[in-house]
Amino acid sequence: MEISKDHPRYRSLTTRERISGLSQEGIVAATGLIAHGRGEAFDYLLGESTTPEGELAEMVAAAHMLEASNPVISINGNVAALCAEEMISLALAVPAMMEVNLFHRTEERVRKVCEHMESMGAETVLGREPDARLEGIASDRALCTKKGIFSADVMLVPLEDGDRAEALVKAGKVVIAVDLNPLSRTSRTATVSVVDEVTRAIPSIERYVRELREDARERRRLIDTYDNMENLRAVARRMCRHLVEELEGKA
Ligand code: PTJ
């Protein structure tokens, strides 16, 4: 479909076209389109921009990733479709491993998502040959690699489902979620919940990775003083305020 650049929602419409196309190729799950729509609705409530709470969580996320011994970024269909290049760039900057782990897992989809990441420039993408299982997950989603997710101490899990986020936290890992819904089980379970749109959040985390690389003291301060629940409450209050003020013409 041809979308005019003058359309006020050009970016949103072209993104929809892209993920819809990648869903036909089997990279994005059919329910990934539903998840995207839910994300868009929450992004409206945020004013479609990064909030101070999102920015703080992004800073803390960068600090954790730099402090980690084995940081791993989990890639699913939506993430591969929305921000493959940004993820590859972040993984190089930290540096961190990337592993494909899918909610709607089939061997074919794992292969397709890996190939998509590689076609966008990724050199190493784990996930095709799982050799370990995460405890606390009954489905095949538990399948992972020893080198990657299994031994990760810090995990970045964008657009995640609550079950695995819980299992990762129970396994003692620091879990960084990127989820526009502050009420989701993932957001409430994660160690750091970045309530921001993933294509804004990932470059911002990378910026803070670069800023904090030489500043171990600031990384420790951020990690030690951050209160995830308080940050989630603050972003939820901001969403409510924005909704009312927008309609009253004050936003
Ligand atoms: O590729 P698969 O098989 O691993 O499946 C991926 C999806 C996303 C379909 C799967 O993980 C899923 O069903 O996720 P949920 O439970 O729908 O949760 C996704 C969360 O991501 C929701 O809370 C959305 O609000 C949020 N979300 C959607 N789009 C974005 C987003 N958060 C940040 N940025 C977005 N662009």
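Atoms within each ligand, like the ligands themselves, are counted from 1 in listed order.
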[atom]: nearest protein contact (heavy atom, Å):
atom: atom 34 (N) of ligand 1; value: V198 N, 3.0 Å
atom: atom 6 (C) of ligand 1; value: N76 ND2, 3.6 Å
atom: atom 28 (C) of ligand 1; value: A35 O, 3.1 Å
atom: atom 22 (C) of ligand 1; value: D179 OD1, 3.6 Å
atom: atom 4 (O) of ligand 1; value: F103 N, 2.7 Å
atom: atom 35 (C) of ligand 1; value: E197 OE2, 3.6 Å
atom: atom 11 (O) of ligand 1; value: L159 O, 3.3 Å
atom: atom 18 (O) of ligand 1; value: E160 O, 3.6 Å

By number and element, which atoms of ligand 1 are closer than 4.0 Å to a non-hydrogen atom of [X]?
X: G32; answer: 9 (C)
X: G77; answer: 1 (O)
X: G39; answer: 25 (O), 27 (N), 28 (C), 29 (N)
X: N181; answer: 23 (O), 25 (O)
X: L102; answer: 1 (O), 3 (O), 4 (O)

* Structure fact -> Looking at D196, N101, L180, D161, the heavy atom closest to atom 32 (N) of ligand 1 belongs to L180
Any salt bridge linking [X] with [Y]? Criterion: basic side-chain nitrogen under 4.0 Å from a carboxylate oxygen.
X: R185; Y: D163; value: yes
X: R207; Y: E211; value: no
X: R18; Y: E25; value: no

* Asked: Is it the case that E246 and Y44 place a side-chain donor and acceptor less than 3.5 Å from each other?
  -> no
* Asked: So, E86 versus T199: side-chain donor-acceptor pair below 3.5 Å or not?
  -> no
* ligand 1 contact by R109, heavy-atom criterion under 4.0 angstrom -> yes
* Asked: Going by heavy atoms, is V113 under 4.0 Å from ligand 1?
  -> no
Distance, nearest 0.5 Å, that separates [atom1] of [X] from [atom2] of [Y]:
X: N78; Y: L102; atom1: CG; atom2: CG; answer: 10.0 Å
X: M97; Y: I73; atom1: CE; atom2: CD1; answer: 11.0 Å
X: T124; Y: E118; atom1: OG1; atom2: CD; answer: 8.5 Å

* Asked: Does the side-chain contact (heavy atoms from CB on, under 4.5 Å) test come out yes or no for M98 and V72, once each step is laid out?
  -> CA-CA 6 Å; M98 286 184 286; V72 173; over 6 Å; no
* Looking only at distances, please establish whether an N/O atom of ligand 1 is found under 3.5 Å from an N/O atom of H104. => yes
* side-chain contact (heavy atoms from CB on, under 4.5 Å) between R109 and I27, intermediate numbers included -> CA-CA 6 Å; R109 268 196 79 222; I27 290 167; 6.0 Å; no
* Asked: Would S184 and S187 count as a side chain to side chain donor-acceptor pair (under 3.5 Å) if you check the C-alpha gap in whole Å, the side-chain angles of each, and the deciding distance to 0.1 Å?
  -> CA-CA 5 Å; S184 74; S187 290; 3.2 Å; yes
* Asked: When you look for heavy atoms under 4.0 Å from ligand 1, do you find them on the side chain of L82, its backbone, both, or neither?
  -> side chain
